[in-house]
Amino acid sequence: MSGYADQLFDLTDRVVLITGGSRGLGREMAFAAARCGADVIVASRKYDACVATCEEISAATGRAAFPYQVHVGRWDELDGLVDAAYDRFGKVDVLVNNAGMSPLYDKLTDVSEKLFDAVFNLNLKGPFRLSALIGERMVAAGRGSIINVSTHGSLRPHPSFIPYAASKAGLNAMTEALALAFGPTVRVNTLMPGPFLTDISESWSFKGTDNPFRNSALQRAGQPAEIVGAALFLMSDASSFTSGSILRADGGIP
């Protein structure tokens with residue numbers, strides 16, 4: 001007999017689409033959704049990585065996992081992703097707009113227009129289009145959850161990642177508006193991670209600082225699996241009265 005928590009976070013036979021789902025936090029969320037009973041669509045730019053992740057998910061959980069190659073920053077590729085998802089499963093219950101980029105630069109004048117546009121295309125324009133396409137279908141179906149993955153940097157921006165912070169701040173605002181647009185049957189929320197030790201963190205430079213996270217409440221970076229609880233809350237009916245909100249999973253950054 002399943003326990004109360006199992007029922008609360010149950011995703012049996014639901015379909016979860018995760019962009020940037022082949023690595024990092026997206027991969028963790030894809031595995032977590034499947035372990036709670038969902039079929040998953042893993043979308044990213046690298047098809048081989050999507051296939052490998054899906055094979056691992058299916059082997060570990062027995063759930064269907066569908067790989068799809070797409071560049072979320074390219075508007076004209078997103079209709080194909082949505083059509084493929086609905087052709088394969090007939091529905092999407094949860095959309096996780098997780099794909100994003102935060103390029104490094106030495107000084108602000110090194111940020112070219114092409115780079116700036118690429119950041120906004122992937123981090124903001126793509127999620128808007130995907131949310132519009134899938135959100136309207138969710139409304140027609142009478143249920144759904146959209147999760148926009150932002151960053152603590154959208155609230156605490158730093159000169160080293162201005163385009164990234166600005167695009168994610170736009171994502172925060174979009175969440176609130178989409179929650180009103182798609183309510184009352186579809187929920188839209190922001191999941192706001194802080195620093196996590198994924199492959200992206202390998203490029204971080206702390207310049208000899210003993211503990212770069214010492215000012216946060218938990219005084220450390222997160223392990224990838226620590227995003228799972230917050231993500232499953234927003235995916236499942238456990239968050240049935242939560243919409244238009246920001247859920248911070250950032251270790252208590254002040």
Side-chain angles (χ1 to χ4, degrees), residues 10-100 121-149 171 174-175 178-179 181-182 185-189 191 231-232 234-237 239:
D10 184 28
L11 296 174
T12 299
D13 295 329
R14 296 190 190 179
V15 177
V16 178
L17 192 164
I18 302 178
T19 65
S22 64
R23 65 175 189 164
L25 300 185
R27 176 185 168 90
E28 293 290 335
M29 290 186 276
F31 267 91
R35 289 184 176 117
C36 288
D39 296 324
V40 297
I41 301 157
V42 175
S44 81
R45 287 178 288 180
K46 297 181 179 180
Y47 183 67
D48 290 345
C50 291
V51 170
T53 299
C54 285
E55 289 176 348
E56 291 180 45
I57 289 173
S58 293
T61 67
R63 302 304 305 181
F66 178 55
Y68 192 90
Q69 182 178 17
V70 67
H71 191 312
V72 174
R74 295 175 181 167
W75 189 290
D76 60 355
E77 293 187 18
L78 300 180
D79 289 82
L81 167 59
V82 176
D83 289 343
Y86 279 84
D87 287 345
R88 175 66 176 82
F89 294 107
K91 63 176 182 173
V92 173
D93 297 291
V94 179
L95 167 64
V96 183
N97 285 311
N98 171 70
N121 287 346
L122 183 59
N123 293 356
L124 183 58
K125 188 172 77 172
F128 168 79
R129 180 61 174 169
L130 264 184
S131 296
L133 292 171
I134 293 178
E136 288 188 356
R137 296 199 191 200
M138 287 177 168
V139 170
R143 62 169 297 123
S145 173
I146 297 174
I147 302 168
N148 293 319
V149 180
L171 197 65
M174 190 176 79
T175 289
L178 289 178
F182 295 146
T185 54
V186 176
R187 298 177 293 105
V188 187
N189 292 286
L191 175 56
L232 289 177
L234 294 177
M235 290 181 191
S236 68
D237 291 341
S239 58

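The structure presented is a predicted model; accordingly, all values stated were derived computationally and were not measured. For the single chain, residues carry numbers from 1 onward in sequence order.
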Give, for atom CZ of Phe31 and atom CD1 of Ile57, the distance between the pair rounded to the nearest 0.5 Å.
4.5 Å

What is the distance from atom CZ of Arg14 to atom SG of Cys36, rounded to the nearest 0.5 Å?
10.5 Å

Do the non-hydrogen side-chain atoms of Cys54 and Val42 ever get within less than 4.5 Å of each other?
yes

To the nearest 0.5 Å, tell me how far Leu232 CG sits from Leu11 CG.
6.5 Å

Phe128: what forms a side chain to side chain contact (heavy atoms under 4.5 Å, CB included) with it, not counting sequence neighbours?
Trp75, Met174

Sub-4.5 Å side-chain heavy-atom contact between Arg143 and Asp237
yes

Between side-chain atoms of residues 83-99 and protein atoms elsewhere (two or more places apart, or another chain), which donor-acceptor pairs fall under 3.5 Å?
residue	atom	partner	partner atom	Å
Asp83	OD1	Arg137	NH2	3.1
Lys91	NZ	Asp13	O	3.0
Lys91	NZ	Asp93	OD2	3.3
Asp93	OD2	Val15	N	2.8
Asn97	ND2	Ser131	OG	3.0
Asn97	ND2	Asn148	OD1	2.9
Asn98	ND2	Thr19	O	3.1
Asn98	ND2	Gly20	O	3.0

If you round to the nearest 0.5 Å, how far is CZ of Arg74 from CD of Glu77?
5.5 Å

Leu17 side chain reached by Ile134 side chain, heavy atoms, under 4.5 Å
yes

Minimum heavy-atom separation for Ala43 and Cys50, please, with both atom names.
C-SG, 3.9 Å

Side chains of Leu234 and Asn189 in contact at under 4.5 Å (non-hydrogen atoms)
yes

What distance do Met29 atom CE and Leu191 atom CG have between them, rounded to the nearest 0.5 Å?
6.0 Å

Salt bridge (Lys or Arg N to Asp or Glu O under 4.0 Å): which pairs involve residues 38-47, sequence neighbours left out?
Asp39-Arg63

Going from CG on Leu78 to NE2 on His71, what distance comes out if it is rounded to the nearest 0.5 angstrom?
10.0 Å

Which atom of Gly21 lies closest to which atom of Ala30, heavy atoms considered
O-CB, 4.3 Å

Are any non-hydrogen side-chain atoms of Phe182 and Glu136 less than 4.5 angstrom apart?
yes

Holding to side-chain hydrogen bond (donor to acceptor under 3.5 Å, both in side chains), I want the full list of residues that pass it with Thr12, two or more places apart in sequence or in another chain.
Asp10

Which pairs, with at least one residue in residues 25-34 and sequence neighbours excluded, count as a salt bridge (Lys or Arg N to Asp or Glu O under 4.0 Å)?
Arg27-Glu56

Criterion side-chain contact (heavy atoms from CB on, under 4.5 Å) on Ile41 and Ile18, from CA distance to verdict:
CA-CA 6 Å; Ile41 301 157; Ile18 302 178; over 6 Å; no

Grab the two heavy atoms, one from Val40 and one from Ala34, that are nearest each other, plus how far apart they are.
CG1-N, 4.1 Å

Do Thr185 and Met138 have side-chain heavy atoms sitting under 4.5 Å apart?
no

Ser239 (side chain) donor-acceptor with Met235 (main chain) under 3.5 angstrom
no

State, with a plain yes or no, whether a side-chain heavy atom of Pro127 is found less than 4.5 Å away from one of Leu171.
yes

Any residue meeting side chain to side chain contact (heavy atoms under 4.5 Å, CB included) with Asp79, in chain and number order, not counting sequence neighbours:
Arg129, Leu133

